[in-house]
Structures are given as structure tokens and as C-alpha cells.
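Counting convention: from 1, in listed order, for ligands and their atoms alike.
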Amino acid sequence: MISQVNSANTLAELENIKVNFLGKKGVLTLEFAKLKDLQGEEKKEFANTLNKARDEFNQAYQVKLKELEEKALNEKMKQNVQDFSFFDETSNLGALHPIATTMDKIIEYFNSLNFSIEKGPLIEDDFHNFEALNLPQNHPARDMQDTFYFEDKTLLRSQTSPVQIRTMLSQKPPIRMIAPGAVFRRDFDITHTPMFHQVEGLVVEEGDKVNFANLKDMLENFLKYMFGDVKVRFRPSFFPFTEPSAEVDISCVFCKGCGCRVCKQTGWLEVLGCGVVDPNVYNFVGYKNVSGYAFGLGVERFAMLLHKIPDLRSMFEGDLRLLEQFR
Ligand code: DAH
């Protein structure tokens with residue numbers, strides 16, 4: 001019996017052997033039954049032998065049981081095992097969206113220049129989105145952006161510029177920040193979607209340390225980092241919260257400045273707005289004796305120019321034929 005136990009290969013086999021030996025009609029059970037016909041010394045001796053046989057069997061059984069249970073578990077694990085080599089080439093791995101990679105590239109640049117990353121709410125109030133940015137009620141410049149309003153005078157922020165105000169209200173200069181995030185406008189055509197992303201930038205120092213030349217130098221380096229070997233030009237412009245203000249163009253990445261359909265034969269593409277912070281803005285946040293510059297850019301526009309994507313709307317359609325090119 002013990003040798004049978006030792007050579008059992010499966011748990012079922014082992015169980016069978018146990019039943020044959022110790023079950024109701026098992027060999028040993030039947031031997032135990034004979035005890036009732038015996039007396040005295042003879043009975044005692046026979047009982048000892050049977051008990052010994054039963055103990056030996058149980059001992060061998062327990063050892064084998066543990067061994068076979070382990071074996072069964074190992075086999076089960078082998079069946080469940082994942083073959084990771086299977087995923088090597090055949091799987092359909094996703095990719096980061098071009099808006100995300102462009103955003104990352106921009107953030108990485110300013111991060112390396114020690115700019116902090118600030119956030120503000122998407123649902124803004126009139127004070128942060130307009131008034132404190134030097135856009136009083138009924139000022140015509142409010143029409144520069146088609147804003148989504150709620151009934152209670154809150155609105156979907158139309159620009160990331162309100163994060164400038166929130167940051168200046170909660171921190172003291174020096175400030176070096178960018179604010180990446182979504183913005184909303186009532187607009188929809190080949191170059192506009194109702195939701196898009198901007199990155200705002202703001203630098204404020206005490207005294208008169210910061211001027212337009214610093215802004216120009218910083219943005220030129222940034223645009224060359226983003227677009228490589230391009231020419232950069234600053235055009236006078238107007239934003240209510242900067243004075244002087246400028247719009248910045250790069251030489252067209254499609255035609256290298258020769259003139260094409262995308263740059264409307266001008267050789268230039270507008271990429272961002274910027275300027276020296278208007279002193280009026282400091283009055284709203286209680287800053288005195290400071291100087292600073294600000295800029296704002298559209299992330300989708302950057303992504304379109306970086307990847308030569310002609311229609312802004314395709315960024316939001318989730319068409320796999322477009323997306324899988326960015327794997
Ligand atoms: N907020 C402006 C817009 O959405 C962009 C902008 C222009 C931001 C000039 C700035 C700036 O910080 O200085 O059109």
C-alpha cells in the first residue's frame with residue numbers, strides 16, 4: 001500500500017488508494033473488523049500492527065498529498081500563464097494624440113527654464129476672464145472672442161489669460177509661469193473649433209528688470225526649439241492686457257517662406273500673441289513697482305504646423321487613419 005501511495009501520479013489516484021485502504025470496505029478497515037473475534041494478548045498485538053500500518057499509511061499519504069497538490073497548482077499556473085511575446089508586434093498599441101505631444105513639448109521647454117505650471121477653472125467669471133485683464137464691461141475688445149456665457153454671468157473661459165490674474169492674486173513676484181489648458185469659443189470652421197487648447201505665459205519681476213527685448217529673445221529661442229530653422233518676426237498688434245502688444249509670425253513651414261496657399265502667399269504664419277503687461281492689470285491684482293511680459297499661443301495651431309495637418313477639425317474626429325500615423 002505504501003509503495004502504491006508513493007507511486008501515485010494524480011490526486012484522484014491517491015484518493016482511490018486511500019479509499020481502497022481506509023474506506024468503508026477498505027483492506028485495513030476489514031482487518032480492523034476482525035479484531036472483534038480476537039481476545040487478550042492476541043487482540044492487543046494485532047491491534048498494534050493495524051494501528052502501526054494505519055499511521056504509516058497516513059504519514060506517506062500526507063507527504064504524497066502535499067507533493068501532488070503542488071504539482072497540480074504548478075500545472076494550473078502554466079496553463080494560465082500569459083505569453084507576453086505574443087504582444088510584440090501584432091497588438092494594436094495606441095499612441096499619444098498630436099495635441100498631447102505638442103503640449104508636452106511646449107511644457108518641457110518652459111519647465112527647463114524653471115517656469116511653474118499653473119491651473120485655473122474652465123468655468124470662469126467675468127472678473128478673471130475680462131475685467132482684470134483690462135477689459136471693462138461693454139469694451140469693444142470683448143468681441144475679439146465669441147464667448148459662451150451662462151445665465152448667471154459665469155462663462156466658459158475664452159482664453160488661458162485669466163490664469164495670469166489668478167496666479168498674481170495668489171503669489172508675489174517674481175513670477176515665471178505657464179498655464180496650459182482648454183479654452184472655449186463660439187466658432188467652428190476649418191481653422192476654429194469650439195474647444196481648443198492654449199498655453200499662456202507670464203513673467204513678472206520687481207522693479208523694471210523685464211522689458212520687450214527679454215520677451216523677444218525668449219520667444220525667438222522658443223519658436224526655434226519648436227519649429228527648427230525658421231525666421232521669426234514681431235508685428236505690432238493690440239491686446240487689452242499688454243502694451244505694447246505684438247503678434248509673432250514664423251516663416252511658413254510649408255513653403256519655407258516662398259509663398260503658398262497655407263500662408264496666403266505671404267511666406268509668414270502667425271503663431272502667437274504677446275506683449276509687455278499693461279500697468280492697468282497690476283492695479284487689479286495689487287502689484288506695485290513691477291515689470292513683466294506675457295504671451296499666449298494655440299496648441300492645435302502649433303500641432304497643425306508641426307505635423308502639416310491642414311484641417312483643425314480633424315484633430316477632434318478620432319479618425320484612426322490620422323491617429324495611427326503618430327504611433
Ligand atoms: N489671450 C489671447 C487670445 O486668446 C492671446 C494672448 C495674447 C495672450 C497676448 C497673452 C498675450 O498673454 O500677451 O487671443
Side-chain angles (χ1 to χ4, degrees), residues 103 106-107 110 115-122 124 126-135 139-148 155-169 173 175-187 191-205 210-220 222-223 232-250 269-282 284-285 287 290-302 312:
M103 189 80 110
I106 296 168
I107 290 172
F110 288 105
F115 280 63
S116 66
I117 297 178
E118 306 294 342
K119 283 187 182 153
L122 303 185
E124 259 299 0
D126 192 88
F127 175 76
H128 293 91
N129 196 80
F130 289 127
E131 203 172 330
L133 288 163
N134 202 23
L135 269 150
H139 193 285
R142 286 196 177 202
D143 292 343
M144 286 166 78
Q145 298 161 5
D146 266 322
T147 309
F148 288 108
L155 46 85
L156 290 178
R157 71 176 184 196
S158 57
Q159 47 187 353
T160 42
S161 307
V163 187
Q164 290 189 29
I165 303 301
R166 290 187 176 273
T167 307
M168 285 192 278
L169 283 172
I175 285 179
R176 270 168 102 75
M177 59 140 263
I178 55 168
V183 300
F184 307 85
R185 291 188 200 173
R186 299 170 52 136
D187 241 340
T191 50
H192 297 92
T193 51
M195 189 280 295
F196 61 103
H197 299 82
Q198 288 186 335
V199 176
E200 190 80 14
L202 176 70
V203 171
V204 182
E205 295 270 358
V210 179
N211 56 37
F212 197 91
N214 304 135
L215 168 65
K216 197 165 176 245
D217 180 58
M218 200 278 296
L219 286 180
E220 269 171 7
F222 165 61
L223 291 171
V232 178
R233 80 173 182 188
F234 287 67
R235 261 184 305 109
S237 184
F238 172 77
F239 297 102
F241 35 89
T242 45
E243 181 58 37
S245 303
E247 276 173 305
V248 185
D249 300 339
I250 56 171
L269 297 165
E270 185 198 318
V271 289
L272 54 81
C274 66
V276 170
V277 179
D278 192 306
N280 269 345
V281 173
Y282 297 132
F284 284 100
V285 296
Y287 276 17
V290 294
S291 55
Y293 62 71
F295 58 90
L297 63 90
V299 180
E300 280 76 3
R301 179 147 179 85
F302 270 52
L312 175 62

Query raised in the report: What is the ring orientation for Phe127 with Phe284, classed by angle as parallel under 30°, tilted 30 to 60°, or perpendicular over 60°?
Result: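 Perpendicular: the ring planes of Phe127 and Phe284 meet at over 60°.
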Report summary line: When rounded to the nearest 0.5 Å, the distance separating CD of Glu124 from OG1 of Thr160 is 11.0 Å
Requested in this report: Examine Phe295 together with Phe110 and report whether their ring centres are nearer than 6.0 Å.
Outcome: yes
Using distance alone, determine whether [X] and ligand 1 share an N or O pair under 3.5 Å.
{"X": "Ala294", "result": "yes"}
{"X": "Phe295", "result": "yes"}
{"X": "Gln198", "result": "yes"}

Query raised in the report: If we ignore angles and hydrogens, is there a donor and acceptor under 3.5 Å between the side chains of Glu200 and Gln164?
Result: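 Yes, because at least one side-chain N or O of Glu200 sits under 3.5 Å from a partner of the opposite role on Gln164.
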Query raised in the report: Considering Glu200, Gln145, Glu247, which one's heavy-atom position lies nearest to atom 12 (O) of ligand 1?
Result: Glu200
Query raised in the report: Can you find a non-hydrogen atom of Tyr293 under 4.0 Å from ligand 1?
Result: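 Judged by the 4.0 Å heavy-atom criterion, Tyr293 does not count as contacting ligand 1.
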Query raised in the report: Would you say Arg157 touches ligand 1, if touching means a heavy atom closer than 4.0 Å?
Result: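 Outside the 4.0 Å threshold, so no.
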Query - Region of Glu243 engaging ligand 1 - heavy atom pairs below 4.0 Å - result: neither
Give the numbers and elements of all ligand 1 atoms closer than 4.0 Å to a heavy atom of [X].
{"X": "Gly275", "answer": "13 (O)"}
{"X": "Arg185", "answer": "3 (C), 4 (O), 14 (O)"}
{"X": "Phe239", "answer": "7 (C), 9 (C)"}

Requested in this report: Give a yes or no answer on whether the side chain of Asp278 reaches the backbone of Glu243 with a donor-acceptor pair at less than 3.5 Å.
Outcome: no
